[in-house]
Amino acid sequence: MKEILKKAEKLGCKIPHKKWSDIDREVAPVLREMEKAGIKIDVSALKRLEKKLSIKVSGIEKKIYKLAGREFNISSPGQLSEVLFSKLKLPTEDLRRIKTGISTSASELEKLKDKHKIIPAILEYRELSKLLSTYLEPLPTLVDGDSRLHTHFGQDTRTTRLTSSEPNLQNIPIKGERGPEIRQAFIAEKGNKLISADYSQIELRVVACLAQDEVMLEAFSRGEDIHAKTASELFRIPVSKVDHDHRRLAKTVNFGIVYGISPFGLSQALGIARESAAEYIFRYFDIHRGIKRYCKEQIALAKKYGYVETLFGFRRKLPEINSENKMVAESAERMAINTPVQGTAAEILKLAMIELHRKLKSEIRMSKSETNPKFECRNPKLLLTVHDELVVEAPAAKAKKVAKLVKEVMENEVKLCVPVEVEVGIGGNWDSAKKNVIK
DNA sequence: ACAATGGTCC
DNA sequence: ACTCGGACCATTGTA
């Protein structure tokens, strides 16, 4: 990794001279303060939503029993499988097999969506009962006297990514019709705003830099839409002819690259044939020679030294890369590709957190004259970290200034050989903060 | 208490 | 016949 650092600095990157252990030591007290601060919850809004959805779910439950011809435990994959495939005799040919029988996962049930009215009902039941049991029911019981929720941050021992537990605030729903409704219950204290700042494609930028992939470096440097660019390469059409479906497929391929792509994995993610997936991968590597070289190199390094490392020198041991079992070895190969990318992205975020924490204290906090003594105006505080996002709470009067600082620090604390771009928004709740992006 | 299954996020 | 990387958590069903 030393060589990459040297080369990177020559290319005008700014990489702090720190080891992963320095970063961890410095980020720990920041995380402790974030845990202590917590995030405010609109408890009554969550409870209202809980009521609404639990009524809805019992209606769906009845409907499912009626369609099935009898009552059973819908949450039990075993019982559900019995009803769908033995009683209702739905076709099982192209469904995935698991240890205990036939899979009833959402991605498999999707294939049966048009075969029977019970399928959409089950999917909706699953969705709603998930939200109820994982978020809407537990969260209100976990708030403190100020209606604030305090998570516990930890760190993944293999990639150095930060984790969140009891409760996990890194998997709060965002998609679908219910995601935003739940996020609207994560609010700022009266007189304050929430600021949400997101890195844009940080992992792809990291891999472009680590791999020195010419095509990708060029695209990012020009500020192009990277997924559309990839789509135009894969389908051999100009970017202007790229439609929504092209782009969606290319996006999945790009994710696949970061994860250590395989034809099987990609085919499953896209729901297409293995051969087609293999063809896309072939085309991708044919154009992105740097990425291809990087993948080969990481696997070779893991085999030679028994580990791979991040930009800041964190090592992940991968003894299984020499396994006789091909599947086990291939899994280790994907980790050899993914870990430096995911780990480096995590380190960049932590460095930004450390610096932001310092600046929020020294720069913003001093300007007392701006605060209105009539309102309860707290100092700006880091609250959450969600892998490529930071959530900050700040007095409304300072929100814009703080938001600009957050963006500036995240974009410049580490400079890669491509621009690091951050989207930042301000709102009264987490949902609106993410949507209300400032210029 | 633990494995298996399923589902939410980045 | 086969998992695209990394978490945390709920429920069911068996030990």
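The structure presented is a predicted model; accordingly, all values stated were derived computationally and were not measured. Per chain, numbering begins at 1; letters A, B, ... match sequence-line order. Heavy-atom basis, side chains included; hydrogens, waters and symmetry copies ignored.
Counting any heavy atom pair closer than 4.0 Å across all strands shown, I98(A) reaches sugar-phosphate atoms only and no base atom. Using a 4.0 Å heavy-atom cutoff across all strands shown, S129(A) reaches no nucleic acid atom at all. Among the heavy atoms of the strands lying under 4.0 Å from Q268(A) are primed sugar atoms or P, OP1, OP2 only; no base atom is included. Among the protein residues, L162(A) comes within range of no part of the nucleic acid, since none of its heavy atoms lies under 4.0 Å from any strand.
When distances run from any side-chain atom of N73(A) to the nucleotides dG6(B), dC4(C), dT12(C), the shortest one goes to dT12(C). The listed nucleotides are dG6(B), dT12(C), dT3(C); the one nearest the side chain of S75(A) is dT12(C). Among the nucleotides dT5(B), dG5(C), dA10(C), the one closest to the side chain of M335(A) is dG5(C). Closest to the S133(A) side chain, of the nucleotides dT11(C), dG7(B), dG13(C), is dT11(C). Closest contact between the side chain of S331(A) and the listed nucleotides dT3(C), dC9(B), dG6(B) involves dT3(C). Between dG13(C), dA10(C), dT8(B), one nucleotide has an atom nearer to the side chain of E127(A) than all others, and that is dT8(B). Looking at the side chain of H387(A), the nearest of the listed nucleotides dC9(C), dG6(C), dC4(C) is dG6(C). Relative to the side chain of P138(A), the nucleotides dG7(B), dA10(C), dC8(C) differ in distance, and dA10(C) lies closest.
Residue R126(A) places at least one side-chain N or O under 4.0 Å from the OP1 or OP2 atom of dG7(B). Considering only side-chain N and O atoms, S164(A) lies nowhere under 4.0 angstrom from the phosphate OP1 or OP2 of dC8(C). Distances shown here put every side-chain N or O of S103(A) at or beyond 4.0 Å from the OP1 or OP2 atom of dT5(B). The phosphate of dG6(C) (OP1 or OP2) has no side-chain N or O of R161(A) nearer than 4.0 angstrom. In terms of phosphate contacts, R316(A) brings a side-chain nitrogen or oxygen within less than 4.0 Å of OP1 or OP2 of dG6(C). The shortest distance between the side-chain N/O atoms of N171(A) and the OP1/OP2 oxygens of dC9(C) is not below 4.0 Å. For the OP1/OP2 pair of dC8(C) and a distance below 4.0 Å, the side-chain nitrogens and oxygens of T163(A) include at least one atom meeting the criterion. Distances shorter than 4.0 Å separate none of the side-chain N or O atoms of Q170(A) from OP1 or OP2 on dC9(C).
Per the geometry, OH belonging to Y135(A) stands 3 Å off C1' belonging to dT8(B), to the nearest Å. Regarding K130(A), its NZ atom lies at a distance of 14 Å from the P atom of dC8(C), rounded to whole Å.
Here the separation of dC2(C) from dT8(B), taken at their P atoms, is 23 Å to the nearest Å. Between dT5(B) and dT3(C), the two C1' atoms lie 15 Å apart (nearest whole Å).
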Working note: F314(A) + W20(A), criterion ring pair (Phe, Tyr, Trp, His ring centres under 6.0 Å); need CA distance, chi angles, decisive distance, verdict. CA-CA 6 Å; F314(A) 179 83; W20(A) 66 272; 5.0 Å; yes
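Heavy atoms of other residues, nucleotides or ligands lying less than 6.0 angstrom from CD of E320(A) number 12 at most.
Closest of all the heavy-atom pairs between D94(A) and E108(A) is O-OE1, 3.9 Å.
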